[in-house]
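Comments concern the structure below.
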Amino acid sequence: MAAAAAAQTAGVPAAASATEPPFLSVVAPVYFEQEVIGHFLAAVTAVLARTGWSYEIVLVDDGSTDRTVALIREAIAADSHIRLVEFSYNHGKAAAMTAGLTYASGTRVLCMDPDLQDPPECIPEFVAKLDEGYDVVLSVREAKAGGPIDRLLSAIFWTSLRSLTRLDLPPGLGTMRIFNRHFVEQFLRYPEANRFLEGLLVHVGMRRTQIVVPHRARFAGQTKFNLRRRFALASSAITDFSEIPLRLATRVGLAVTAVGLFAMLAIVFVKLFIHDFQLGWPSLFCLLITGFGVNLLFLGIIGTYVGKIYREVKGRPLFSIRGLHNLEPRP
Ligand code: UDP
Ligand code: MG
């Protein structure tokens with residue numbers, strides 16, 4: 001109701017003409033989602049049909065090889081609101097979201113996952129909040145669905161991310177969010193290949209607020225982010241937005257050198273004044289191994305950043321598209 005009123009105040013006609021941008025674009029990345037995609041489209045359509053807004057649903061298939069694309073194409077044949085960007089192979093969720101934002105033409109763009117973990121019934125609430133005068137409305141999950149290990153890992157990730165990057169990210173940040181056109185345009189100016197989306201959103205800044213949404217278990221299908229992938233994403237997010245690991249080399253190097261100098265002086269002192277002894281090879285061996293270890297660790301950290309620079313300077317496109325369905329190519 002509130003959202004419908006917001007549509008009125010925004011002066012958007014219920015049925016926009018073909019040339020006019022839709023009132024709302026809903027963007028969703030899909031990757032092996034054949035079990036849920038039909039339910040997602042039905043749920044979103046039911047909510048949006050009630051509002052009377054002009055809308056489009058832009059799905060980005062991130063290289064699924066199951067029936068996901070076939071199901072979406074069937075849905076497009078029956079409903080012209082649905083659009084599909086089909087990637088030629090898996091590029092990752094961040095690239096899929098970026099493609100969705102590139103092809104969405106609405107004056108407001110709402111992003112959500114299609115697994116119904118975040119409720120489509122909240123869409124009008126997001127729109128109403130955005131129209132209060134914000135550029136972006138993020139979601140915070142009431143209670144994260146998932147086991148205790150999942151929640152613990154999530155907490156460790158967000159805490160270390162906040163302290164290492166100083167990004168002002170709300171705890172329990174969800175994946176459902178809405179932007180106005182201005183925010184989307186600003187976001188699309190970020191060309192980097194290493195894309196930690198949440199970090200970029202905070203970097204774009206502008207007037208931002210958040211609303212609390214309930215979080216449910218996945219409607220069907222399986223999570224695509226196993227433990228290994230989560231760790232990779234977490235460390236990548238940290239190195240995308242923080243130079244602290246690089247600077248750590250200087251600090252640890254200084255500390256190790258100080259300890260080494262102190263040990264040297266202590267040994268000389270003990271040998272001269274307290275007890276004459278012969279240092280054996282085990283102690284030398286331990287020192288060497290520790291030194292090599294610290295060296296290699298920081299070489300690895302520097303290597304990670306060099307790898308990222310390499311990826312950036314190649315300047316490759318973020319995604320490669322196999323086909324567009326019910327969509328015009330963008331320049
Ligand atoms: N996803 C994607 N590309 C990938 C992995 C995931 O587009 O390489 C999509 C997936 O289809 C889903 C969303 O990203 O819509 C979030 O994935 P998932 O629900 O598996 O993650 P979780 O909610 O368990 O963190
Ligand atoms: Mg999910």
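Every number for a ligand or one of its atoms is a count from 1 in the order of the listing.
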Per-atom contacts, ligand 1 versus [X] - under 4.0 Å to a heavy atom:
X	value
Pro114	15 (O)
Arg230	24 (O), 25 (O)
Asn90	3 (N), 4 (C), 8 (O)
Val30	11 (O)
Asp115	19 (O), 23 (O)

Using distance alone, with no hydrogens and no angle criterion, decide if Arg141 and Thr175 have a side-chain donor and acceptor under 3.5 Å apart.
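On atom types as modelled, these side chains qualify, holding a pair under 3.5 Å.
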Examine distances only and state if a side-chain atom of Ser88 and a backbone atom of Arg322 form a donor-acceptor pair shorter than 3.5 Å.
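No, because the side chain of Ser88 does not come within donor-acceptor range (under 3.5 Å) of the backbone of Arg322.
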Does Asn90 reach the main-chain N or O of Asp62 with its side chain, forming a donor-acceptor pair under 3.5 Å?
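Flag set: sc Asn90 to bb Asp62 pair under 3.5 Å.
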Any N/O of Pro29 closer than 3.5 Å to an N/O of ligand 1?
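So ligand 1 has an N or O lying under 3.5 Å from an N or O of Pro29.
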For Met112, state whether at least one heavy atom is located under 4.0 Å from any atom of ligand 1.
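No, Met112 has no heavy atoms under 4.0 Å from ligand 1.
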Any heavy atom of His215 closer to ligand 1 than 4.0 angstrom?
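No, His215 has no heavy atom closer than 4.0 Å to ligand 1.
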Between Glu33 and ligand 1, which part of the residue brings a heavy atom under 4.0 Å of the ligand: side chain, backbone, both or neither?
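Within the 4.0 Å criterion, Glu33 contacts ligand 1 through side-chain atoms alone.
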Please state which part of Arg229 comes within less than 4.0 Å of ligand 1, counting heavy atoms only: side chain, backbone, both or neither.
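Looking at Arg229 and ligand 1, just side chain atoms fall under 4.0 Å.
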What orientation do Phe241 and Phe196 show, parallel under 30°, tilted 30 to 60°, or perpendicular over 60°?
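Perpendicular, since the angle between the ring planes exceeds 60°.
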Could you label the plane-to-plane angle of the Phe87 and Phe319 rings as parallel, tilted or perpendicular, counting under 30° as parallel and over 60° as perpendicular?
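The rings of Phe87 and Phe319 lie parallel, inter-plane angle below 30°.
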CG/Asp79 to CG/Asn326 distance, rounded to the nearest 0.5 angstrom?
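One finds 9.0 Å between CG of Asp79 and CG of Asn326.
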About how many Å separate CG of Leu318 and CG of Asn194, when rounded to the nearest 0.5 Å?
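With rounding to 0.5 Å, CG (Asn194) is 10.0 Å from CG (Leu318).
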Taking backbone and side chain together, does Gln117 place any N/O/S atom at a distance below 2.8 Å from the Mg ion (ligand 2)?
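Short answer: yes, at least one N, O or S atom is under the cut-off.
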Is the distance between the Mg ion (ligand 2) and the nearest N/O/S atom of Asp113 smaller than 2.8 Å?
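It does not; every qualifying atom lies at 2.8 Å or beyond.
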Please name the atom of Asp115, limited to N, O or S, that comes nearest to the Mg ion (ligand 2).
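The closest N, O or S atom of Asp115 to the Mg ion (ligand 2) is OD2.
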Among Thr223, Asp113, Ile37, closest by any non-hydrogen atom to atom 22 (P) of ligand 1
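The residue whose heavy atom sits nearest atom 22 (P) of ligand 1 is Thr223.
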Restricting to non-hydrogen atoms, name the atom on Asp118 and the atom on His215 that form the minimum distance, rounded to 0.1 Å.
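It is OD1-ND1, 3.5 Å.
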NZ or CZ of Lys314 within 45° of Tyr310 ring axis and under 6.0 Å:
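Judged by the rule (NZ or CZ under 6.0 Å from the ring centre, within 45° of its axis), Lys314 counts as positioned above Tyr310.
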